[in-house]
Number of protein chains: 2
Amino acid sequence: MYLRALIGLAEDGTTTCSSEELAASAGVNSAKLRKDLSYLGSYGTRGVGYDVEYLRYQIAREIGVTHDWPVVIVGIGNLGHALANYSGFRSRGFRVVALLDADPSRHDEVVAGLDVRSFEDLESIVTEHDVSIGVIATPAVASQSVADRMVAAGITSILNFAPSVLSVPDGVDVRKVDLSIELQILAYHEQRKSVATGTEGVS
Amino acid sequence: MYLRALIGLAEDGTTTCSSEELAASAGVNSAKLRKDLSYLGSYGTRGVGYDVEYLRYQIAREIGVTHDWPVVIVGIGNLGHALANYSGFRSRGFRVVALLDADPSRHDEVVAGLDVRSFEDLESIVTEHDVSIGVIATPAVASQSVADRMVAAGITSILNFAPSVLSVPDGVDVRKVDLSIELQILAYHEQRKSVATGTEGVS
DNA sequence: AGGAGTTTGTGAACGGGAGAACAAAACGGC
DNA sequence: GCCGTTTTGTTCTCCCGTTCACAAACTCCT
Ligand SMILES: NC(=O)c1ccc[n+]([C@@H]2O[C@H](COP(=O)([O-])OP(=O)(O)OC[C@H]3O[C@@H](n4cnc5c(N)ncnc54)[C@H](O)[C@@H]3O)[C@@H](O)[C@H]2O)c1
Ligand SMILES: NC(=O)c1ccc[n+]([C@@H]2O[C@H](COP(=O)([O-])OP(=O)(O)OC[C@H]3O[C@@H](n4cnc5c(N)ncnc54)[C@H](O)[C@@H]3O)[C@@H](O)[C@H]2O)c1
């Protein structure tokens, strides 16, 4: 988030910023920001602040987005299409190298300039492009088997959009994005608001 | 997540489960599960476990998904289409009542059985359907102005997919889903793996 | 009826993130 | 060259979520 805020500041022509300004752009407390940055090193100047371009590079280097990461997306349905068409990944250091789907009727399609290919091609694509990050956008029932194949093919980081709990060997990272849960959390707070005001009490 | 795990167990015909089983389904520690459930009440039976159907209802009641929540989606581009077409929201207690977009050329379209309507209709739709939850799937530059309009119209919970920091009045909840950040976190861990093994050291 | 075996609910310990506060360091003016 | 001002880097404290561990409670078998 700090990296994104710095890119925004750089685009606005800002060359230097204080922890206070940067924290405001990122939506956090300035003490937290300074502490977070201190884990990377002492890249600021006391009395002055941080050099936007310099700090931007240091953070990018630390999180490993100085070079592009190849990514494969499996499951080119509603969500897979959106992800494939999303330009933001490219500009943030990720390059979608392949779109895979188990349904042969999808293999004719070209999405975002890429052929949708057979899931069977996973291993060869991973080897060819040295892919370590995979995105799962299949239905929940298929997600575990897709994850297993990914791991066997050599992928060691998985972003899972299916509402499922994946089990993977040690050394493989999984992050889950669960949109229904996000809405449910909002609904929970909404309900508490209405109960508090008595607008919509549930018997 | 517990609710989802319970629904899965119920579909499998399980009528009773222990904290250990349910925790495994949800991917958490069993002590944590028991403590979490204890905040809702004592719905288990010692020596036996939890009644799946009963606990399912109790959790659903607590988080407020016993009745449907109306939702509006603003920004019917790549992501908005996917969200509108997603059937999982409906089955988890959410009903998309309107799709809004600022671009008039999109207003002809019908997505998932709903007309794409003008963003100007926001206020009347919110009032008519008593909507309290809004989803923002517009570009980042538009997200703050969309959020402001939503809040003015009476929406008090926002799910934001744009990579932006929204500022809203007290009493309004915002949750942010940031897919690029998720990938960056995976890339960071990937980089650390390669540095550790010396495969891909960065000078 | 009573004891063995299970499983929940919860008190206590632990760990870590977040914020307040302040010393150290850099800059600028004179 | 020195002092006041600004802002970072870091320490200390607080608070909250997670986990362990165990007593209480329930079932089943004899
Ligand atoms: N669409 C959304 O906005 C949305 C929102 C939240 C969560 N999700 C989740 O994301 C996942 C995808 O959603 P969707 O709406 O795109 O579904 P979808 O049905 O439109 O697409 C799923 C795609 O996966 C492919 N597939 C199925 N099994 C496969 C396998 N074993 N290997 C490879 N490909 C396979 C199908 O052919 C299909 O093209 C689901 O798990 C869903 O719950 C989607
Ligand atoms: N597509 C993805 O998979 C993806 C992934 C991560 C994040 N995002 C984020 O989600 C957002 C949407 O992404 P997208 O790919 O769907 O973009 P998109 O450009 O395809 O769609 C954006 C839509 O918003 C509409 N819009 C613009 N300004 C508006 C306004 N003021 N009011 C109402 N509607 C307005 C546009 O007409 C367009 O239809 C972006 O912020 C993007 O960064 C998308």
Side-chain angles (χ1 to χ4, degrees), chain A residues 1-3 5-6 9 14-59 61-63 165 167 170 173-176 178 181-182 184-185 188-189 192, chain B residues 1-3 5-6 9 14-59 61-63 165 167 170 173-176 178 181-182 184-185 188-189 192:
Chain A
M1 281 160 38
Y2 303 149
L3 179 58
L6 284 167
L9 288 175
T14 313
T15 60
T16 278
C17 70
S18 69
S19 63
E20 206 71 49
E21 294 171 76
L22 185 52
S25 304
V28 302
N29 184 291
S30 68
K32 173 165 159 44
L33 177 136
R34 289 200 299 278
K35 178 171 288 189
D36 287 346
L37 293 186
S38 76
Y39 290 115
L40 311 186
S42 277
Y43 296 134
T45 310
R46 297 179 187 212
V48 178
Y50 300 94
D51 181 280
V52 171
E53 205 52 46
Y54 181 57
L55 184 59
R56 168 164 151 21
Y57 173 73
Q58 293 299 337
I59 295 181
R61 186 180 55 75
E62 180 74 20
I63 64 181
V165 177
S167 69
D170 282 358
D173 287 311
V174 174
R175 292 191 67 86
K176 189 173 140 188
D178 197 323
I181 295 276
E182 298 297 327
Q184 287 188 355
I185 293 170
Y188 170 71
H189 290 296
R192 301 205 49 151
Chain B
M1 280 159 41
Y2 304 150
L3 179 58
L6 285 167
L9 289 175
T14 313
T15 60
T16 277
C17 71
S18 68
S19 63
E20 206 72 48
E21 294 171 76
L22 185 52
S25 305
V28 302
N29 185 291
S30 69
K32 173 164 157 47
L33 176 135
R34 288 201 300 278
K35 175 151 288 190
D36 286 346
L37 294 186
S38 77
Y39 291 115
L40 311 185
S42 276
Y43 296 135
T45 310
R46 298 178 186 211
V48 179
Y50 299 95
D51 182 279
V52 170
E53 206 52 48
Y54 181 57
L55 184 58
R56 170 166 150 17
Y57 173 73
Q58 292 299 337
I59 294 181
R61 185 181 53 76
E62 180 73 21
I63 64 181
V165 178
S167 70
D170 282 357
D173 287 311
V174 174
R175 291 191 68 87
K176 187 172 142 187
D178 195 323
I181 295 276
E182 298 296 328
Q184 287 187 354
I185 293 169
Y188 170 72
H189 289 296
R192 301 207 45 152

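As the structure is a prediction and not an experimental result, all values here were calculated from the model. Every chain is numbered from 1, with letters handed out A, B, ... down the list of sequences.
Remark: C1' of C:dA18 and CE of A:M1 are 14 Å apart, rounded to the nearest angstrom. Rounded to whole angstrom, the span from the CG atom of B:L40 across to the P atom of C:dT8 amounts to 15 Å. Taking atom CG of A:L37 as the reference point, atom P of D:dG9 lies 7 Å away to the nearest angstrom. Atom CD in B:E20 sits roughly 13 Å away from atom P in C:dT6 (whole-Å rounding). Rounded to an integer number of Å, the gap from CZ of A:R34 to C1' of D:dT7 is 8 Å. Taking atom CG of residue A:D36 and atom P of nucleotide C:dG16, one finds them 15 Å apart after rounding to whole Å. We find that CZ of A:R46 is positioned 12 Å from P of C:dC27, with the value rounded to whole Å. In this structure, B:Y39 places its OH atom 15 Å from C1' of C:dT8, rounding to the nearest Å.
A close approach under 4.0 Å does occur between a side-chain nitrogen or oxygen of B:S42 and OP1 or OP2 of C:dG9. Remark: A:Y43 is not in phosphate contact with D:dT7, judged by side-chain N or O atoms under 4.0 Å from OP1 or OP2. When the side-chain nitrogen and oxygen atoms of A:T45 are compared with OP1 and OP2 of D:dT8, none of them lie within a distance under 4.0 Å. At the phosphate of C:dG9, OP1 or OP2 sits under 4.0 Å from a side-chain N or O atom of B:Y50. Note on A:K32: a side-chain N or O is less than 4.0 Å away from OP1 or OP2 of C:dA18. OP1 or OP2 of D:dC20 has at least one side-chain nitrogen or oxygen of B:N29 nearer than 4.0 Å.
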**Q.** Residue pair B:R175, A:I185: steps toward the side-chain contact (heavy atoms from CB on, under 4.5 Å) verdict
**A.** CA-CA 9 Å; B:R175 291 191 68 87; A:I185 293 170; 3.5 Å; yes
Q: Would you sort out whether B:Y188 and B:R192 count as a side-chain hydrogen bond (donor to acceptor under 3.5 Å, both in side chains), showing the intermediate values?
A: CA-CA 6 Å; B:Y188 170 72; B:R192 301 207 45 152; 2.7 Å; yes
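The side chain of A:A31 lies closest to C:dG19 when the candidates are C:dG19, D:dT8, C:dA26. Of the candidate nucleotides D:dT8, C:dG9, D:dG9, D:dG9 has the atom nearest to the side chain of A:S38. For B:S18, the side-chain atoms get nearest to C:dT7 when compared with the rest of D:dT8, C:dG9, C:dT7.
Of the residues near DNA chain D, A:K35 and A:G44, the one whose nearest nucleotide (by heavy atom distance) lies more toward the 5' end is A:G44.
Between the CD atom in A:E53 and the CG atom in A:L9 there is a gap of 11.0 Å [rounded to 0.5 Å].
Side chains of A:L37 and A:Y43 form no contact here, defined as non-hydrogen atoms less than 4.5 Å apart. With contacts defined as side-chain heavy-atom distances shorter than 4.5 Å, the pair B:R56/B:Y50 does not qualify.
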